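Working notes, beginning with the structure itself.
Note that the structure is a prediction, hence the values are computed from the model and not measured.
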Amino acid sequence: MGKTWATLGVDLHVEPTGSGIRKGLTEALREAVRGGRLAPGTRLPSSRSLAADLGVARNTVAESYADLVAEGWLTARQGSGTRVAERSVVRPAREAAPPRREPARPAYDLVPGRPDLASFPRAAWLKAARRALARAPHEAFGYGDPRGRPELRTALAGYLSRARGVRADPERIVVCSGFSDGLTLLGAVLRRRGLRSVAVESYGLDAHWNLLHRSGLRTSPLPFDGLGTDTRDMTGARAVLLTPAHQFPMGVPLHPDRRAAVVAWARRTGGLVLDDDYDGEFRYDRQPVGALQGLDPDHVVHLGTASKSLAPALRLGWLVLPPSLVDEVVSLKGEGGWSTGALDQLTLAEFITSGAYDRHVRAARLRYRRRRDALVAALAARAPDVHATGIAAGLHAVLRLPPGTEGPVVQAAAFQGLAVHGLSRHRHPDAVVPHRDALVVGYGTPPDHAWSGALDALCRALP
């Protein structure tokens with residue numbers, strides 16, 4: 001079977017204008033080069049291919065190319081085809097935009113909540129991707145179930161049950177594009193149910209509060225003390241967002257009595273608990289604290305993500321929903337086209353079921369624990385008046401500072417090339433809690449070779 005116009009050459013969008021075909025084509029190509037739509041070095045289709053696409057004689061295209069070669073707009077060499085010529089374009093001064101000054105990047109990134117991207121398991125992920133792609137059924141390349149790929153939901157159900165104590169059924173798991181996507185989805189469902197506000201912790205991520213606000217929900221902070229968020233008085237609340245495994249940023253697990261109290265409140269009132277399993281997999285000094293969802297799967301939503309265990313760029317998260325929420329969430333997700341890439345889902349499923357995910361998490365846990373230990377040792381030796389708290393788990397520590405010094409220390413850190421947050425940045429604007437001066441130091445982001453330099457810079461900035 002002979003080749004047709006559909007299989008020849010490369011695609012080029014060009015619209016000849018004017019009275020003559022050759023003249024119109026020449027002018028259209030010249031303007032595409034002059035205007036920058038065809039960049040220097042771009043290879044053009046062969047005269048045969050372009051003639052077939054445009055429905056004109058091959059000689060017409062060849063002659064047009066020859067005219068532009070003669071004018072210097074194109075070059076033609078044997079074996080290299082016809083290309084746009086390299087040209088130095090001088091633009092009028094009025095069109096030149098002033099150079100944009102990018103802010104200087106910090107030498108060390110100690111912002112909390114970020115993993116070491118250099119440790120992403122590229123080789124193991126690539127192997128899993130190849131296996132997943134080879135085994136993928138044809139229907140996996142379609143639009144699919146709004147809940148996500150069944151392979152990933154099944155793998156997550158087994159993993160979360162084993163590693164986090166979550167009571168999960170694949171039919172009640174919804175895969176989403178990261179934690180923020182899942183929280184936005186839940187916020188929209190709660191607003192449809194008539195809720196006007198969600199109780200939150202006094203310290204947390206403003207990005208999450210803002211997501212709820214954009215869903216039309218207010219956020220009301222709960223009291224906080226040495227036992228974590230105080231859930232004993234939930235009067236008037238119908239939903240609450242918590243980080244019970246490792247409170248962000250204070251770093252304490254929710255006390256067992258407080259865990260029991262919030263579950264009892266949910267059962268008594270029909271309320272809903274949003275269990276953000278923050279840092280759930282990275283506990284260093286003893287067995288991880290189990291997910292709150294295991295206490296009452298009918299009233300607790302478990303929210304998880306691969307953003308810190310693997311990388312934020314994957315945009316993979318999940319919701320383990322109570323039976324009463326499944327239909328509403330799935331329906332809304334389907335209506336809005338909140339899609340998540342099927343190929344990455346299949347790869348993560350393979351990564352989990354092959355055991356590669358467990359191996360990666362265990363290796364990361366050891367690496368982050370060593371960084372935490374180095375941080376504690378550096379503080380003891382060089383800044384003995386600064387104490388690290390909230391360090392039993394996670395990728396960050398809270399460094400308690402003398403009263404009135406948080407602002408100056410954050411500024412001093414910036415002079416040392418450090419990106420770091422003060423604790424006040426994570427305090428809810430309506431929270432009624434005593435002011436604490438502290439730094440929230442993330443030790444996950446710097447690659448291993450840069451960690452000692454980051455510690456030196458941090459210690460120089462501390463009082």
Could you check whether any side-chain N or O of [X] sits under 3.5 Å from a backbone N or O of [Y], counting only pairs where one atom can act as donor and the other as acceptor?
{"X": "Arg315", "Y": "Ser177", "value": "yes"}
{"X": "Asp277", "Y": "Gly304", "value": "no"}
{"X": "Arg172", "Y": "Pro323", "value": "no"}
{"X": "Arg258", "Y": "Thr229", "value": "yes"}
{"X": "Arg460", "Y": "Gln416", "value": "no"}
{"X": "Thr154", "Y": "Pro150", "value": "yes"}
{"X": "Arg122", "Y": "Leu126", "value": "no"}
{"X": "Arg196", "Y": "Gly194", "value": "yes"}
{"X": "Arg147", "Y": "Val174", "value": "no"}
{"X": "Thr353", "Y": "Ala155", "value": "no"}

For this output row, return yes or no: ring centroids of [X] and [Y] closer than 6.0 angstrom.
{"X": "Tyr159", "Y": "Tyr357", "value": "yes"}
{"X": "His396", "Y": "His246", "value": "yes"}
{"X": "Phe282", "Y": "Tyr368", "value": "yes"}

Closest approach of [X] and [Y], non-hydrogen atoms and distance?
{"X": "Ser309", "Y": "Glu281", "value": "CB-OE1, 3.5 Å"}
{"X": "Pro463", "Y": "Leu401", "value": "CD-CD2, 4.2 Å"}
{"X": "Asp437", "Y": "Pro402", "value": "CB-O, 3.7 Å"}
{"X": "Pro249", "Y": "Gly204", "value": "CD-N, 3.8 Å"}
{"X": "Thr340", "Y": "Val175", "value": "OG1-O, 3.9 Å"}
{"X": "Val420", "Y": "Val111", "value": "N-CG2, 4.5 Å"}

Are [X] and [Y] close enough that some pair of their side-chain heavy atoms sits under 4.5 Å apart?
{"X": "Val301", "Y": "Leu325", "result": "yes"}
{"X": "Leu455", "Y": "Tyr108", "result": "no"}
{"X": "Leu439", "Y": "Val398", "result": "no"}
{"X": "Leu217", "Y": "Leu190", "result": "yes"}
{"X": "Leu319", "Y": "Cys176", "result": "yes"}
{"X": "Val300", "Y": "Leu295", "result": "no"}
{"X": "Arg427", "Y": "Ser202", "result": "no"}
{"X": "Lys127", "Y": "Glu350", "result": "no"}

Ring pair (Phe, Tyr, Trp, His ring centres under 6.0 Å) partner of His426, the single match among Tyr203, Phe224, Phe248: Phe248
Thr305 meets the side-chain hydrogen bond (donor to acceptor under 3.5 Å, both in side chains) criterion, sequence neighbours left out, with Ser307
Cation-pi between Lys308 and Phe179: NZ/CZ under 6.0 Å from ring centre and within 45° of the ring axis? no
Do the side chains of Asp448 and Arg370 get close enough for a salt bridge, i.e. N-O under 4.0 angstrom? no
Residue [X] excluded, over 12 heavy atoms near [atom1] under 6.0 Å:
{"X": "Arg362", "atom1": "CZ", "answer": "no"}
{"X": "Arg425", "atom1": "CZ", "answer": "no"}
{"X": "Arg162", "atom1": "CZ", "answer": "yes"}
{"X": "Arg130", "atom1": "CZ", "answer": "no"}
{"X": "Phe141", "atom1": "CZ", "answer": "yes"}

When you compare the side chains of [X] and [Y], does any donor N or O come within less than 3.5 Å of an acceptor on the partner?
{"X": "Ser424", "Y": "Glu406", "value": "yes"}
{"X": "Thr219", "Y": "His428", "value": "yes"}
{"X": "Glu201", "Y": "Gln247", "value": "yes"}
{"X": "Ser119", "Y": "Arg367", "value": "yes"}

Given Leu211 and Ser180, is the side chain to side chain contact (heavy atoms under 4.5 Å, CB included) satisfied, shown in steps? CA-CA 7 Å; Leu211 287 174; Ser180 296; 3.6 Å; yes
Mind running salt bridge (charged side-chain N to carboxylate O under 4.0 Å, His left out) on Asp145 and Arg153 for me, showing each step along the way? CA-CA 11 Å; Asp145 189 330; Arg153 291 187 283 115; 3.8 Å; yes
Please test Arg83 against Thr42 for side-chain hydrogen bond (donor to acceptor under 3.5 Å, both in side chains), starting from the C-alpha separation and ending with a verdict. CA-CA 5 Å; Arg83 297 178 181 271; Thr42 300; over 6 Å; no
Report the C-alpha distance between Arg372 and Asp285 in whole Å, list the side-chain angles of each, state the deciding distance to 0.1 Å, and finish with yes or no for salt bridge (charged side-chain N to carboxylate O under 4.0 Å, His left out). CA-CA 11 Å; Arg372 181 207 65 172; Asp285 299 330; 3.2 Å; yes
For the [atom1] atom of [X] and the [atom2] atom of [Y], what is their distance to the nearest 0.5 Å?
{"X": "Leu348", "Y": "Leu152", "atom1": "CG", "atom2": "CG", "answer": "5.0 Å"}
{"X": "Leu423", "Y": "Leu399", "atom1": "CG", "atom2": "CG", "answer": "10.5 Å"}
{"X": "Asn210", "Y": "Leu205", "atom1": "CG", "atom2": "CG", "answer": "10.0 Å"}
{"X": "Ile352", "Y": "Thr347", "atom1": "CD1", "atom2": "OG1", "answer": "11.0 Å"}
{"X": "Ser49", "Y": "Leu12", "atom1": "OG", "atom2": "CG", "answer": "9.0 Å"}
{"X": "Leu316", "Y": "Leu310", "atom1": "CG", "atom2": "CG", "answer": "8.5 Å"}

When you look at Leu375 and Leu458, which way does the side chain to side chain contact (heavy atoms under 4.5 Å, CB included) test go after all the steps? CA-CA 10 Å; Leu375 170 62; Leu458 175 63; 3.8 Å; yes
From the options Arg193, Arg192, Arg191, select the one residue that forms a salt bridge (Lys or Arg N to Asp or Glu O under 4.0 Å) with Glu328. Arg193
Please test His302 against Leu160 for side chain to side chain contact (heavy atoms under 4.5 Å, CB included), starting from the C-alpha separation and ending with a verdict. CA-CA 10 Å; His302 177 83; Leu160 294 173; 4.1 Å; yes
Chi angles and distances behind the side chain to side chain contact (heavy atoms under 4.5 Å, CB included) call for Leu292, Val273: CA-CA 9 Å; Leu292 185 64; Val273 182; 3.7 Å; yes
